[in-house]
Amino acid sequence: MTEMLVQSHLGEVSLLPAIPEQWQSGRVKGLRARGGFEVAIDWKQGKVSHATIKSLKGGRCQLRTNTPVRVKGSRAEVKTVASGYVLTFDTEEGKTYSISPR
């Protein structure tokens, strides 16, 4: 079930990659992603309305979403890809980054 909300293989943290239509809104927190990240997501109408990513060990984060978002707390490089958007940003150990729609 968690894989519908967060996937973290291939070096990316993907938010809501396979959310069922029936789950139009919700909230989840405390999910762990590869690379040393802890994720919390709020969503409405099947799209991220707010999320946080806490870096547990620092380093680069690649975040994939199906809608455009912005990262507060770090400068992010944004690429548009066929399946959405990929944001790449540097993180510091212990710091939490806020994700919101653009």
request  = State the CD-OH distance between Glu92 and Tyr97, to the nearest 0.5 angstrom.
outcome  = 5.0 Å
Result block: side-chain N/O donor-acceptor pairs under 3.5 angstrom for residues 53-61, not counting sequence neighbours:
residue	atom	partner	partner atom	Å
Ser55	OG	Gly58	N	2.8
Ser55	OG	Thr91	OG1	2.8
Arg60	NE	Asp90	OD1	3.2
Arg60	NH2	Asp90	OD1	3.2

ask   = With no hydrogens and no angle check, do the side chains of Arg102 and Thr67 hold a donor and an acceptor under 3.5 Å apart?
value = no
task = State whether the side chain of Ser8 and the backbone N or O of Arg34 hold a donor-acceptor pair below 3.5 Å, judged by distance alone.
result = yes
request  = Any chance you could measure Asp42, atom CG, to Lys29, atom NZ, to the nearest 0.5 Å?
outcome  = 10.0 Å
message = When you measure from the side chain of Lys95 to the backbone of Gly73, do you find a donor-acceptor pair of N or O atoms at a distance under 3.5 Å?
response = yes
Transitive ILVMFWY cluster of Val81, excluding itself - 4.5 Å side-chain cut-off = Val86
key: Value rounded to 0.5 Å, distance of CG in Asn66 from CG in Leu15   = 9.0 Å
request  = Measure the spacing between CZ of Arg75 and OG1 of Thr88 and express it to the nearest 0.5 Å.
outcome  = 13.5 Å
message = Nearest 0.5 angstrom please: Arg32 CZ to Thr2 OG1, how far?
response = 13.0 Å
query = So, does Trp23 use its side chain to make a donor-acceptor pair with the main chain of Trp43 at under 3.5 Å?
reply = no
ask   = What closest approach, in Å, do Val69 and Leu87 show between heavy atoms, and which atom pair accounts for it?
value = O-CD2, 3.6 Å
